[in-house]
Visitor: 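Can you keep this structure in mind? I'll have questions shortly.
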Protein chains: 2
Amino acid sequence: MKARVKAIYNQISDDLKNRIMQGKLSPGEMLPSQSQLAETYGVTQMTVRQGLGTLVEDGYIYSVWGKGYFVAEPTLETGIINLPGRNFFGQEFTPMMNEVDILRADQEIADKLAVIVGSKVIRTQLTLALGDNPVALDCRYISYRKGEPQLENELQYADFPQIVARHTNSVVVKSTFSIEAVHLNEIEASALETSPGALGLCVEQILYDVNGKPLGWSRMVCRSDRYKVSGVAQSYSGKV
Amino acid sequence: MKARVKAIYNQISDDLKNRIMQGKLSPGEMLPSQSQLAETYGVTQMTVRQGLGTLVEDGYIYSVWGKGYFVAEPTLETGIINLPGRNFFGQEFTPMMNEVDILRADQEIADKLAVIVGSKVIRTQLTLALGDNPVALDCRYISYRKGEPQLENELQYADFPQIVARHTNSVVVKSTFSIEAVHLNEIEASALETSPGALGLCVEQILYDVNGKPLGWSRMVCRSDRYKVSGVAQSYSGKV
DNA sequence: GAGTGGTCTAGACCACGAA
DNA sequence: TCGTGGTCTAGACCACTCC
């Protein structure tokens with residue numbers, strides 16, 4: 001066993017964290033002041049602040065100007081979800097077939113990408129499979145700005161935000177997504193080897209650049225008996 | 001107009017952030033060292049570190065021991081989603097009817113809550129509505145440990161994690177959730193004023209305490225034509 | 001005015017990576 | 001060995017809150 005040296009500020013934050021988790025410090029309760037903690041632990045104010053800082057980041061406590069630090073209420077109102085990114089292809093799913101073409105935007109595409117009807121748009125279509133079983137149909141639209149979509153083979157490996165970034169010369173910094181239940185239509189059903197009207201889950205995602213301009217739109221339709229969305233929510237962001 | 005004084009470390013982080021967003025600093029590129037930055041901005045290393053710290057927290061850069069700071073690759077693989085918490089009742093939806101009872105766990109409940117079959121379990125059932133239109137059926141199970149479920153009226157106002165915490169004397173620190181498409185059964189359909197077999201979205205959530213023990217299980221079934229799940233993903237956590 | 005959090009300095013020393 | 005990031009000190013001053 002090696003006596004691992006731990007930074008003092010980590011010892012302080014761990015100590016306070018434990019007291020919070022054990023209920024010795026209750027939500028809403030005020031912590032000792034920075035100067036008191038500094039004296040208690042025999043360190044300077046800056047070191048104490050560093051420890052308190054990590055607790056603030058992780059959501060255990062918060063500070064009020066001129067008053068003090070207080071123990072936060074644990075909440076679970078937001079969750080984190082894995083989106084169809086790079087790992088989606090690499091690890092879980094394998095793309096079975098893909099198609100890339102350029103088309104003119106119809107009304108729906110124009111709305112989603114905030115371009116005028118008739119604009120050039122790059123479309124990619126994939127079938128995602130788990131082993132030999134097709135699970136999802138994936139259709140993506142990128143507003144066409146520069147460069148040719150000569151990278152058919154690259155498309156299935158890189159993740160969508162990266163492809164969009166390359167084609168639009170913009171960085172994707174935000175995306176919105178929605179998840180809804182749908183009935184599969186004939187095309188989707190036959191591609192996913194099931195019957196029309198079967199239960200499906202549709203995950204839609206729109207990518208935006210820094211200025212809030214839509215750069216890409218993806219729509220994935222899954223067989224709901226083979227895939228469901230899952231995620232985690234934690235009241236404290238740090239490792240417990 | 002008031003000339004707002006901004007902290008030096010914020011000026012530094014803003015400056016670097018702009019250079020990253022404008023592409024003057026590319027992903028993978030190394031930043032000037034702490035001492036170089038200190039000299040450039042005419043401040044001490046500690047002040048520079050504070051500025052770099054916020055950029056690390058927000059995911060713009062990362063540091064490598066003994067080497068330097070590097071510009072991070074933007075990723076969008078995880079998203080944040082709003083879960084049925086307090087705001088779910090308070091703002092969007094109104095609970096129309098509720099029911100509270102105690103029952104013995106069947107196999108399914110026992111599995112979810114990690115208790116033995118036949119254990120006492122508290123069950124609450126709500127109908128959630130948007131205006132006059134019923135949108136979702138919500139059913140929640142709490143492993144019964146102490147205290148009586150005397151708080152029928154309180155149940156519809158507090159959020160689930162809080163109720164669970166009060167009944168189990170434990171803090172809810174984690175939850176997992178899943179979202180899947182379902183067909184509504186007769187009971188659900190009639191409660192939601194639609195026909196059996198209609199499209200539904202089912203959001204399931206399990207709450208855990210610090211030791212990973214399940215404390216509660218909730219299952220919400222929505223009319224998919226009146227509700228869909230949505231969320232946001234951002235590559236940088238700070239405000240841009 | 002006393003107590004609090006927030007910023008900043010000018011040093012010091014340690015741990016790590018690469019040459 | 002040198003340059004890098006990571007930790008820490010012993011002060012100082014400012015801004016805010018409450019009495």
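Letters go in sequence order (proteins before strands), and every chain restarts at 1.
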Visitor: So which nucleotide from dC16(D), dC8(C), dT7(D) ends up closest to the side chain of Ile8(B)?
Guide: dC8(C)
Visitor: Can you check the Glu39(B) CD to dT9(C) C1' distance for me, whole Å?
Guide: 16 Å
Visitor: Phosphate oxygens OP1/OP2 of dG6(D): is one of them under 4.0 Å from a side-chain N or O of Ser63(B)?
Guide: yes
Visitor: Separation of Phe70(B) atom CZ from dT4(D) atom C1', in whole Å?
Guide: 10 Å
Visitor: Whether the side chain of Ser175(A) engages the backbone of Leu207(A) through a donor-acceptor N/O pair (distance < 3.5 Å, no angle test) should be reported.
Guide: no
Visitor: Select one nucleotide: of dT9(D), dG5(C), dC16(C), the one nearest the side-chain heavy atoms of Trp65(B).
Guide: dC16(C)
Visitor: Just the rounded figure in Å: distance from P of dA15(D) to NZ of Lys6(B).
Guide: 17 Å
Visitor: Is Gln34(B) close enough to dT4(D) that one of its side-chain N or O atoms is under 4.0 Å from OP1 or OP2 there?
Guide: no
Visitor: On a heavy-atom basis, which atom in Val71(A) and which in Tyr62(A) lie closest, and how many Å separate them?
Guide: O-CE2, 3.8 Å
Visitor: Any donor-acceptor pair under 3.5 Å linking the side chain of Ser178(B) with the backbone of Ser230(A)?
Guide: no
Visitor: For Ile61(B) and Tyr69(B), which heavy atoms make the closest approach, and how far apart are they?
Guide: CD1-CD2, 3.7 Å
Visitor: Gln11(B) side chain to Lys6(B) main-chain N or O, any donor-acceptor pair under 3.5 Å?
Guide: yes
Visitor: Measure CE/Met46(A) against C1'/dG11(C) and give the value in whole Å, please.
Guide: 13 Å
Visitor: So, OP1 or OP2 of dG11(D): does either fall under 4.0 Å of a side-chain N or O from Thr44(A)?
Guide: no
Visitor: In whole angstroms, how far is the P atom of dG6(D) from the CD atom of Gln50(A)?
Guide: 10 Å
Visitor: Does dG5(C) have OP1 or OP2 under 4.0 Å away from a side-chain N or O of Arg49(A)?
Guide: no
Visitor: Which one, dC8(C), dT4(C), dT7(D), comes nearest to the side chain of Ser33(A)?
Guide: dT4(C)
Visitor: In whole Å, what is the span from the CG atom of Asn10(A) to the C1' atom of dT7(D)?
Guide: 10 Å
Visitor: For Glu29(A), does its backbone N or O pair with a side-chain atom of Ser26(A) as donor and acceptor, under 3.5 Å?
Guide: no
Visitor: How many Å lie between CD on Gln45(B) and C1' on dA15(C), as a whole number?
Guide: 14 Å
Visitor: Would you kindly give the OH-to-C1' distance between Tyr62(B) and dG5(D), to the nearest whole Å?
Guide: 14 Å
Visitor: For dT7(D) and Thr47(A) - does any side-chain N or O of the residue sit under 4.0 Å from the phosphate oxygens OP1/OP2?
Guide: no
Visitor: Report the nucleotide, chosen from dT7(D), dC18(D), dC8(C), that has the shortest atom-to-atom distance to any side-chain atom of Ala7(A).
Guide: dT7(D)
Visitor: Given dG6(C), is OP1 or OP2 found less than 4.0 Å from the side-chain N or O atoms of Tyr69(A)?
Guide: yes
Visitor: Return no unless some side-chain N or O of Ser35(A) is found under 4.0 Å from OP1 or OP2 of dG3(C).
Guide: no
Visitor: So, is Tyr9(A) near the phosphate of dC8(D), with a side-chain N or O under 4.0 Å from OP1 or OP2?
Guide: no
Visitor: What nucleic acid atoms does Leu52(B) come within less than 4.0 Å of, heavy atoms only: base, sugar-phosphate, or nothing?
Guide: nothing
Visitor: Tell me whether the side-chain N/O atoms of Lys67(B) come closer than 4.0 Å to OP1 or OP2 in dA18(C).
Guide: yes
